[in-house]
Amino acid sequence: MTWRFEIGWYNGWSPQERLAVIPRQRAAVRSGAIATPVTCSICANTPPSPSDNPVWLHDEDYADPYGAYPVCRRCHRILHERFEQPEPWLALVGRHGTGDQWFEALTMDPASLRQPFAVTYPHGLISAHDDWSASPKP
């Protein structure tokens with residue numbers, strides 16, 4: 001199955017800037033600098049196989065490509081659709097939030113798409129390094 005989508009602006013990062021991070025992250029995963037993501041940091045799903053709702057790296061701050069959060073495809077879709085479809089996002093946060101998770105601090109203001117990360121999140125977010133991070137690579 002081929003996924004086709006149009007990548008847009010996010011947290012002040014252009015589509016080109018966002019896409020430029022992907023090869024660096026993939027190389028870091030291959031080298032072991034970033035652990036292979038296996039458990040979703042939102043819903044805690046660990047798929048039995050990589051093809052069953054795979055866990056990917058999600059960036060909030062593209063200036064720190066190694067600080068991406070492991071997020072399953074299902075949660076990732078809902079996360080990015082939160083600006084146009086807030087109800088599924090609010091339900092997801094309600095089910096899995098504990099009051100101190102990185103994803104609970106995400107804005108739902110569509111202006112943040114083109115606004116720099118540091119303006120939207122002046123104190124940052126809980127770091128993937130401090131939060132879930134991905135499971136260690138064997």
Heavy-atom side-chain contact between Pro70 and Thr39 under 4.5 Å
no

Taking the side chain as everything from C-beta on, heavy atoms only, tell me whether Val55 gets closer than 4.5 Å to Thr36.
no

How long is the span from the CG atom in Leu92 to the SG atom in Cys43, to the nearest 0.5 Å?
7.0 Å

Can a donor-acceptor pair be found between the side chains of Ser14 and Trp9 at a distance below 3.5 Å?
no

Please say yes or no: joined through hydrophobic side-chain contacts below 4.5 Å, possibly via intermediate residues, are Phe83 and Val119 part of one cluster?
no

Taking the six-membered ring for Trp, are His80 and Tyr10 closer than 6.0 Å centroid to centroid?
yes

Could you check whether any side-chain heavy atom of Leu113 comes within less than 4.5 Å of a side-chain heavy atom of Asn11, counting everything from C-beta outward?
no

Tell me, with the steps shown, if Val71 and Trp56 meet side-chain contact (heavy atoms from CB on, under 4.5 Å).
CA-CA 5 Å; Val71 178; Trp56 299 330; over 6 Å; no

Kindly compute the distance separating CZ (Arg74) from NE2 (His76), expressed to the nearest 0.5 Å.
14.0 Å

Look at the side chain of Tyr121 and the backbone N and O of Thr107, then say whether any donor-acceptor pair between them is shorter than 3.5 Å.
yes

Kindly indicate, with the supporting measurements, whether the criterion side-chain contact (heavy atoms from CB on, under 4.5 Å) is fulfilled by Val29 and Leu57.
CA-CA 10 Å; Val29 168; Leu57 293 172; 4.1 Å; yes

Does the side chain of Pro47 reach to within under 4.5 Å of the side chain of Cys72, using non-hydrogen atoms?
no

Decide if atom CZ of Arg18 counts as having more than 12 heavy atoms of other residues, nucleotides or ligands within a radius under 6.0 Å.
yes

Determine the minimum heavy-atom distance between Ser41 and Gln101, stating which atoms define it.
O-OE1, 4.2 Å

How far apart are the C-alpha atoms of Gln25 and Asp59, what are their side-chain angles, what is the distance that settles it, and do they pass the side chain to side chain donor-acceptor pair (under 3.5 Å) test?
CA-CA 10 Å; Gln25 287 176 330; Asp59 290 287; 2.9 Å; yes

Is the closest side-chain heavy-atom distance between Leu79 and Ile42 below 4.5 Å?
yes

Roughly how far, to the nearest 0.5 Å, is CD1 of Ile78 from CZ of Arg73?
12.0 Å

Could you go through the side chain to side chain donor-acceptor pair (under 3.5 Å) check for Ser112 and Gln115 one step at a time?
CA-CA 5 Å; Ser112 70; Gln115 187 169 278; over 6 Å; no

Could you check if a side-chain atom of His58 sits within less than 4.5 angstrom of a side-chain atom of Trp102, using non-hydrogen atoms only?
yes

Test Leu125 against Tyr69 for side-chain contact (heavy atoms from CB on, under 4.5 Å), laying out the working first.
CA-CA 11 Å; Leu125 293 170; Tyr69 302 93; 3.6 Å; yes

Is it the case that one hydrophobic cluster holds both Met108 and Phe117, taking links as side-chain heavy atoms less than 4.5 Å apart, direct or via other members?
yes

With side chains defined as the heavy atoms from C-beta onward, is the minimum distance between Ile22 and Leu19 less than 4.5 Å?
yes

Full working for side-chain contact (heavy atoms from CB on, under 4.5 Å) between Glu104 and Thr98
CA-CA 8 Å; Glu104 293 172 285; Thr98 61; 4.3 Å; yes

Using modelled atom types only, decide if a donor and an acceptor are shared between the side chain of Glu17 and the backbone of Trp13 within a distance under 3.5 Å.
no

Side chains of Glu81 and Trp89: closer than 4.5 Å at any heavy-atom pair?
no

